[in-house]
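Being a predicted model, the structure only gives us computed values, none of them experimental. Index from 1, following the sequence. Read the numbers this way: they start at 1 and go in the same order the structure lists the ligands and their atoms.
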Amino acid sequence: MSLTRGQLWRSARDQLASVGIETAALDARVLLAHGLGLDRTQLIASEAEPVGDADIAAYEALVARRLAREPVARIVGRQEFYGLDFSLNEATLIPRPETEMLVDFGIARLKGRQGATILDLGTGTGCIVLSLLANLPDAKGVGVDLSVRALAQARENAVVLGLDNRFAALEGSWFAPVEGRFDLIVANPPYIASDTVKELAPEVALYDPGLALDGGQDGLEPYRAIAAGAADHLDPGGVLAVEIGFDQGARVSRLLEDAGLSGVGVEKDLAGHDRMVVAALPGLP
Ligand code: GLN
């Protein structure tokens with residue numbers, strides 16, 4: 001006797017829950033919808049349909065990856081961020097909801113400014129700069145990354161979102177490949193201290209690219225590079241916004257102040273944790 005779609009996802013849900021995965025029910029549904037090529041609404045409306053043996057085997061393979069703690073977004077290769085759909089690969093992080101705060105900040109700062117320019121350092125999937133461009137119709141953006149695989153993904157996302165005519169992807173370390181000045185510089189750099197990367201949740205420690213997580217011995221190396229180049233790459237009136245770890249607000253603020261930036265401030269995320277530091281060029285309106 002064959003299994004129905006509903007029976008299949010419920011049994012996967014129970015398996016995922018039994019190893020302590022808190023989002024078991026949702027994960028099981030998303031993976032089944034992905035495996036069958038349906039959206040989740042179609043799946044919920046068709047739970048009584050039988051599933052063929054080949055589809056069952058394919059689904060079990062997806063569930064096995066999740067049981068090994070691979071994040072659902074990596075298994076399906078995409079993640080929603082700021083209401084847009086981003087594809088990701090092994091060289092990029094999965095876009096995270098906390099990072100949407102940088103996008104909110106950038107939109108608020110640049111709205112109504114003609115031809116605003118944006119630089120995203122360590123762009124990964126491009127989620128930050130591309131979400132900004134999607135909401136600022138005449139802005140132009142540059143994404144920099146050390147990883148060519150990440151840049152290829154950012155470029156592909158730009159094409160799919162119809163933003164490639166306003167986006168350029170540059171390979172290199174922080175400001176090295178960048179010329180000129182920008183109205184907004186954003187970054188969600190690697191900010192985990194090298195020694196603690198392995199202590200993160202298995203979904204992160206085992207599957208996220210180390211290059212995107214490891215911020216050097218004290219987790220602050222990328223902020224030093226960003227602080228060193230910011231003043232030379234901000235336009236008059238330009239601002240910098242960087243994502244930080246919850247306990248890095250004071251130290252990152254100090255680095256930016258020591259680099260000659262002004263108006264340095266720490267902002268909290270919706271969970272009440274310090275999450276972003278902003279700064280500007282001094283002595284300007
Ligand atoms: N900017 C990308 C993101 O926010 C990549 C960040 C990173 O690799 N540290 O997802």
Side-chain angles (χ1 to χ4, degrees), residues 71-74 77-107 118-135 141-158 160-161 163 167-175 177-178 182 184-194 196-197 200-201 203-216 218-226 240-246 248 252 267 269 273 275-278:
V72 170
R74 282 204 187 282
R78 25 187 291 267
Q79 174 67 44
E80 193 235 272
F81 177 86
Y82 220 81
L84 302 168
D85 198 31
F86 286 90
S87 293
L88 53 103
N89 68 25
E90 73 289 345
T92 73
L93 291 188
I94 299 167
R96 300 168 67 89
E98 306 89 280
T99 306
E100 294 184 338
M101 193 175 170
L102 273 80
V103 180
D104 282 335
F105 173 80
I107 293 172
I118 302 163
L119 173 63
D120 180 12
L121 298 171
T123 197
T125 56
C127 63
I128 302 172
V129 61
L130 296 175
S131 299
L132 285 162
L133 294 180
N135 287 279
V142 173
V144 174
D145 210 289
L146 209 47
S147 159
V148 283
R149 290 283 296 128
L151 287 173
Q153 188 63 78
R155 277 194 202 100
E156 183 197 308
N157 284 326
V160 171
L161 294 168
L163 300 168
F167 175 70
L170 303 181
E171 181 193 348
S173 177
W174 308 119
F175 291 103
V178 178
F182 296 81
L184 173 67
I185 300 175
V186 286
N188 173 22
Y191 53 70
I192 314 292
S194 306
T196 53
V197 169
L200 299 172
E203 277 81 353
V204 176
L206 298 176
Y207 295 97
D208 276 347
L211 186 65
L213 296 175
D214 189 336
D218 64 357
L220 299 173
E221 280 305 323
Y223 298 109
R224 292 190 182 96
I226 292 168
L240 168 76
V242 292
E243 183 168 322
I244 55 161
F246 71 97
Q248 294 175 323
V252 172
E267 313 260 345
D269 63 18
H273 299 126
R275 180 60 67 187
M276 178 171 78
V277 178
V278 301

> With no hydrogens and no angle check, do the side chains of D214 and S194 hold a donor and an acceptor under 3.5 Å apart?
Replying inline: yes
> Which pair of non-hydrogen atoms, one from I94 and one from P71, has the smallest distance, and what is that distance?
Replying inline: CD1-CB, 3.6 Å
> How about I185 and F175: do any of their side-chain heavy atoms sit closer than 4.5 Å?
Replying inline: yes
> In terms of residue, atom name and distance, what is the protein heavy atom nearest to atom 1 (N) of ligand 1?
Replying inline: G122 O, 2.9 Å
>> How far is atom 8 (O) of ligand 1 from the closest protein heavy atom, and which atom is that?
In response: A212 CB, 3.1 Å
> Should you measure from each heavy atom of P189, which atoms of ligand 1 turn up under 4.0 Å away?
Replying inline: 9 (N)
>> Which of the numbered atoms in ligand 1 are under 4.0 angstrom from any heavy atom belonging to L93?
In response: 6 (C), 7 (C), 8 (O), 9 (N)
> Does a side-chain N-to-carboxylate-O contact under 4.0 Å join D218 and R224?
Replying inline: yes
> Taking all atoms of both residues into account, what is the closest heavy-atom pair of P177 and S173, and its distance?
Replying inline: CD-O, 4.0 Å
>> Can you tell me which portion of T123 lies within the under-4.0 Å heavy-atom range of ligand 1? Options are side chain, backbone, both, or neither.
In response: backbone
> Which is closest to atom 7 (C) of ligand 1 by heavy-atom distance: N188, I94, I128?
Replying inline: N188
> Counting each atom of ligand 1 from 1 as listed, which ones have a heavy atom of P190 under 4.0 Å away?
Replying inline: 9 (N)
> Can you tell me if R74 uses its side chain to pair, donor with acceptor, with the backbone of N89 under 3.5 Å?
Replying inline: yes
> I128 versus V103: any side-chain heavy-atom pair under 4.5 Å?
Replying inline: yes
>> Given C127, G124, G143, identify the one with the heavy atom nearest to atom 10 (O) of ligand 1.
In response: C127
> Which ligand 1 atoms are under 4.0 Å away from a heavy-atom of T99?
Replying inline: 4 (O)
